[in-house]
Amino acid sequence: MGLKMSEILLIMAVLLLLFGASRLPQLGSSLGSAIRNFKRGFGGEDAPADEKKPSGSLASSGTVEKDASARSTSHQG
């Protein structure tokens, strides 16, 4: 009952249309780190000391936070 190749390609095309080519790597990175943290939470493992924080995530690359910080600094008197 697995997915056929045509179904996988259709899903990938829909994702490409919804999120755009520039967002897909960030989305995959965020999803991978979320799954990894979920597994660690249930496994009781601590995060390795040499692990770096992922550079590309949806929240950090958004312009909402940048706009909010720019507005708060520009409106201070």
Side-chain angles (χ1 to χ4, degrees):
M1 182 175 187
L3 294 175
K4 297 176 187 166
M5 187 58 128
S6 61
E7 294 170 342
I8 292 173
L9 290 175
L10 180 66
I11 291 170
M12 294 294 262
V14 169
L15 287 175
L16 184 64
L17 287 173
L18 287 176
F19 296 108
S22 63
R23 286 283 196 191
L24 285 181
Q26 294 172 353
L27 183 66
S29 174
S30 297
L31 183 63
S33 65
I35 291 171
R36 184 172 41 249
N37 290 335
F38 181 77
K39 286 181 179 179
R40 277 194 197 129
F42 276 105
E45 298 176 15
D46 292 332
D50 62 339
E51 183 178 314
K52 293 187 252 179
K53 185 178 177 183
S55 61
S57 67
L58 292 176
S60 67
S61 67
T63 59
V64 174
E65 294 172 353
K66 293 175 188 175
D67 290 344
S69 64
R71 287 181 184 169
S72 66
T73 58
S74 66
H75 290 295
Q76 292 176 354

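Start at 1 with the first residue, then count along the sequence. Reckoned from all heavy atoms, side chains included, excluding hydrogens, waters and symmetry mates. All values derive from a computational prediction rather than experimental measurement.
- Of all non-hydrogen atoms in L3 and I11, the two that sit nearest each other are CD1-CD1, 4.4 Å.
- Taken from CG in L24 to CD in Q26, the straight-line distance is 9.5 Å, to the nearest 0.5 Å.
- Counting only residues at least two apart or in different chains, ring-ring contact (aromatic ring centres under 6.0 Å, His included) contacts with residues 12-40 comprise F38-F42.
- Applying the 4.5 Å side-chain rule to ILVMFWY residues, one finds L9 in the same cluster as M5.
- Residues L18 and L27 fall within the same hydrophobic cluster, defined by Ile, Leu, Val, Met, Phe, Trp and Tyr side chains chained together at heavy-atom separations under 4.5 Å.
- Looking only at distances, no side-chain donor or acceptor of S29 sits under 3.5 Å from a matching main-chain atom of P25.
- Cluster partners of I35, by chain and number: L31. The rule joins Ile, Leu, Val, Met, Phe, Trp and Tyr whenever side-chain heavy atoms lie under 4.5 Å apart.
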